[in-house]
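To start, the structure under review is shown below, and the notes come after it.
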Amino acid sequence: MNILEKSQSIRNREKKASDNLEKFIDRINKHNPKINAFVELKTDEALKNAKEIDNRIANGEKVGKLAGLVIGIKNNINVEDFHVTAASKTLENYIGTYDATVIRRIKAEDGIIVGMTNMDEFAAGNSTETSFHGPTLNPRAPERIPGGSSGGSAAAVAAQMCDLALGSDTGGSIRNPASHCGVMGFKPTYGAVSRQGLLDLAMSFDQIGPFAVDTSGIALMMDVIAGKDSLECTTINWNVPDFSASIKDMQDSLKGMRLGVVQEFFDVSDESIVNIIEDRINQMQEAGAEVVELNFDSLELCLPTFYLINFVEFFSATRKYDGRKYGERIEEACGDEVLRRIHMGSYISQKEYSGKYYKKALQARSLIKKEITGLLKDVDVLVGPTVPKLPHKVGMELEPMEIYAYDILTVMANLSGIPGASTPAGDVDGIPVGIQFQAKPLEDEKIIQIMAAFEELN
Ligand code: GLN
């Protein structure tokens, strides 16, 4: 039974919301102490919600699209009455005073929020090891990182501790942990989903998006969270498709689909990953898709451009954590990576250096965007690995540049605002490997359709 079918069976009284939740609570009690995917839980309140939904269904009252589904939320999205720490000691005592727009929409559709998930401090990372709450382990390869920065959300879904989860993606933080944990993760077009109530990492890149074990779950969550928000001026006023309806009957839908295969994506990836992705592309070709070989000359510009802009925007976003409003001054409470970014961001932001670094980075960003738009012109999607390497062992010491290199295939979607997804492609000795699909701005539906068609090939 997929996630959509499960939600229907709850609505049809074949299944109870409270039973669904209780099963997850058992798994959370059993596995969370080791995996550390959830950093705060409100199971009693969730059970009260679930019972109330069961009662409404029993009385024939109308319930929302997410009725009875159990959801985890990344710890940088405001949920009223939960601690919203962004995994930083800086915000240790901050409790959400309101619901972010995406949370209001989830609650309005009767989704059950069971807890907050772990992440890298302020979402600045890709391993979930820099959390003030301790690292999360990868449920599929327990001595390894789950990826990040939304590692808790990916791990919670992978370990079957909830139906769906939300993450945020600034340079890969949804797609990277989805790839490492063997689940699906979707980063919408910039502006397709409201960021209102999300703690910024770099606001010109940040997007909220869903995790699920199947495409129906991704589509269902997008149906709920996507669309214009009058509270958030960067949201786009667009015709939000009915994602759940658009993935029905996907047999034969790969026929004639044009897949852009960029040589450079494979050049930077480990051989074991390349082999899996090439096999899966061949399989899509056998199902009728057409492969178009492409080159992306600006690939090596992507990481420096992304990180320069990231440091400047992050530095500016952290100025409010000055110890007056939120208790602790960020520079005194944060970990090494966050402090490094504050120092770098402050240096680059100085007036005399802006021409040297920041302005150049903005020019490079335009160039990258232009080249990606060109690549996407004649194809439906770009296809390739999500992450060029397998997740490393927890605790392994890496230089900042080695850590940033994990993001080389994911940052381009944020630099150019396009949608991107990672979906399971296979494994190397049990360690999951994801395949990434990217499309033109606002072609989020196309990606989700391809994910559904790809899912049926398995
Ligand atoms: N790994 C990248 C960074 O550290 C992106 C993180 C993210 O997407 N939140 O900034």
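For ligands, and for the atoms within them, numbers begin at 1 and follow the listed sequence.
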For ligand 1, the portion of Y406 having any non-hydrogen atom under 4.0 Å away: neither
Polar contact flag, side-chain donor to acceptor under 3.5 angstrom, T130-E337: no
Tell me the protein heavy atom at minimum distance from atom 9 (N) of ligand 1, and give that distance in Å. S173 OG, 2.6 Å
Only heavy atoms of A124, strictly under 4.0 Å: list the atoms of ligand 1 that pass. 4 (O)
Any idea which atoms of ligand 1 are less than 4.0 Å away from a heavy-atom of A123? 6 (C), 7 (C), 9 (N)
Distance filter under 4.0 Å to L201 heavy atoms, resulting ligand 1 atoms: 9 (N), 10 (O)
Listing request: all side chain to side chain donor-acceptor pair (under 3.5 Å) pairs with a residue in residues 31-42, at least two apart in sequence or in separate chains. E40-H83
Between E332, E331, E121, E328, which is the residue that forms a salt bridge (charged side-chain N to carboxylate O under 4.0 Å, His left out) with K89? E328
Sub-6.0 Å ring centroid separation between Y321 and F122: yes
Please find out if less than 6.0 Å separates the ring center of F306 from that of F205. yes
Can you say whether the rings of Y347 and Y357 are parallel (under 30°), tilted (30 to 60°) or perpendicular (over 60°)? tilted
Any N or O of T170 closer than 3.5 Å to N or O of ligand 1: yes
Shortest protein contact, atom 1 (N) of ligand 1 (heavy atom only): D407 OD2, 2.7 Å
Suppose I only count heavy atoms of R341 and a 4.0 Å limit; which atoms of ligand 1 are within that range? 3 (C), 4 (O), 10 (O)
Approximate separation, where rounding is to 0.5 Å, of E313 CD and D200 CG: 8.5 Å
side-chain hydrogen bond (donor to acceptor under 3.5 Å, both in side chains), paired with N414, selected from T170, D169, D206: D169
Whether Y404 lies under 4.0 Å from ligand 1, heavy atom: no
What atoms of ligand 1 come closer than 4.0 angstrom to any heavy atom of S149? 9 (N)
Side chain, backbone, both or neither: the part of N310 lying under 4.0 Å from ligand 1 by heavy atom: side chain
Mind checking whether F306 has an N or O less than 3.5 Å away from an N or O of ligand 1? no
